[in-house]
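This report refers to the structure that appears directly beneath it.
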Amino acid sequence: MAWSTYLFSALLAMTTPTHAAPPRHWTVIVGGATADTSIYANAFFPQAIEIGVGDTVTWTFEGFHNVAFLGGGAAPPFAVPEGDKMYWNPLIFFPAGDPSYDGTGYHNSGVPGPDGRLSYTLTFPKPGRYSYICGIHSGMRGTVIVTDKAKGTPAAALKRGRAEQATTLAAGRARFAKLHVEHHGTTFVVPLVGNSRQRYSVLRFTREPLVVPRGSTVTWTMRDTFEIHTVTFTSGEKPAQFVVPEPQSSGPPKLLLNPTALTPTTTTQYEGTGYVNSGMLFPPGNPKLPSSFSLTFTTAGRFEYWCLIHADVGQRGIIVVR
Ligand SMILES: [Cu+2]
């Protein structure tokens, strides 16, 4: 090579950025459910994604979640008190932050509308390892790794995400298929199940109507780290809405957590009439929060009950007392 040509190539190399590749666009799936809505995936797919500096990620929602980058701050609680009422935290419900994330500032997608659809896009200008959460499902988290030498392609990452999602939903289906009510003497235990490692929740009480002899006690017990449920007998009334929008004179509505749904009733027996509610049942492990509920059935009949939080996706149970 002639010196002049060499010099020219060297100069060209110096003036051409080494990361001249155009920004790429990656996709992460948020959640997912089986077609019958019995199994929900509480995860981001793929859980970790490696992208290039300056690339963008779009989160495509397939369930009721949010995507929140905390910017070093604390995770906002999902509900906030106001007087004696509880409201859905606007920090979770509504979008926040600019369309670029460098590890600082709270960035939030907000939540999808009634159709469950939403997409949220962020650009990542700085190398780093950025974790993010869903503020609704505790323990649901993902990671974006931004590097100047990203391996893989957006198509391969999306394929991996779909495969992870399919594995999660299959694990949930398998769990639901062998969901059994436990029976100890006159007590029947209905487990509310999910799995934080396989990242699913089962949004059903039992596979079949639960048949119990008169005088039996049924205990519903939380064995799910992600979800919150209620056990609510309405005696034929339509189940109450969990969230009630309160329109404001300006700005978005406030979202009241319906006191009827939140407040437990005090009865320990159900005779087929009136309103009987567990209130919110939380994941086990926090002694300050209830995670089980028991009722004794004294009257023969066929009784319907609901989870008020998941009634719209079909979380309804039947107890037949003989
Ligand atoms: Cu539920």
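Small disclaimer: the values here were computed from a predicted structure and weren't measured. In each ligand, atom 1 is the first atom listed, and ligand 1 is the first ligand listed.
Under the 4.0 Å criterion applied to side-chain N and carboxylate O atoms, Arg24 and Glu50 are not assigned as salt-bridge partners.
For an aromatic pair to be called close, the ring centres must be under 6.0 Å apart, and Tyr120 with Tyr132 fails this.
Sorting the N, O or S atoms of His310 by how far they are from the Cu ion (ligand 1) puts ND1 first. Considering just the N/O/S atoms of His229, the one nearest the Cu ion (ligand 1) carries the name ND1.
Thr168 places a side-chain N or O within 3.5 Å of a backbone atom of Gln198 that can act as its donor or acceptor partner.
Of the residues Arg316, Glu227, Gln315, the one that meets the side-chain contact (heavy atoms from CB on, under 4.5 Å) test with Cys307 is Gln315.
Under 2.8 Å from the Cu ion (ligand 1) lies an N/O/S atom of Gln315, whether from backbone or side chain.
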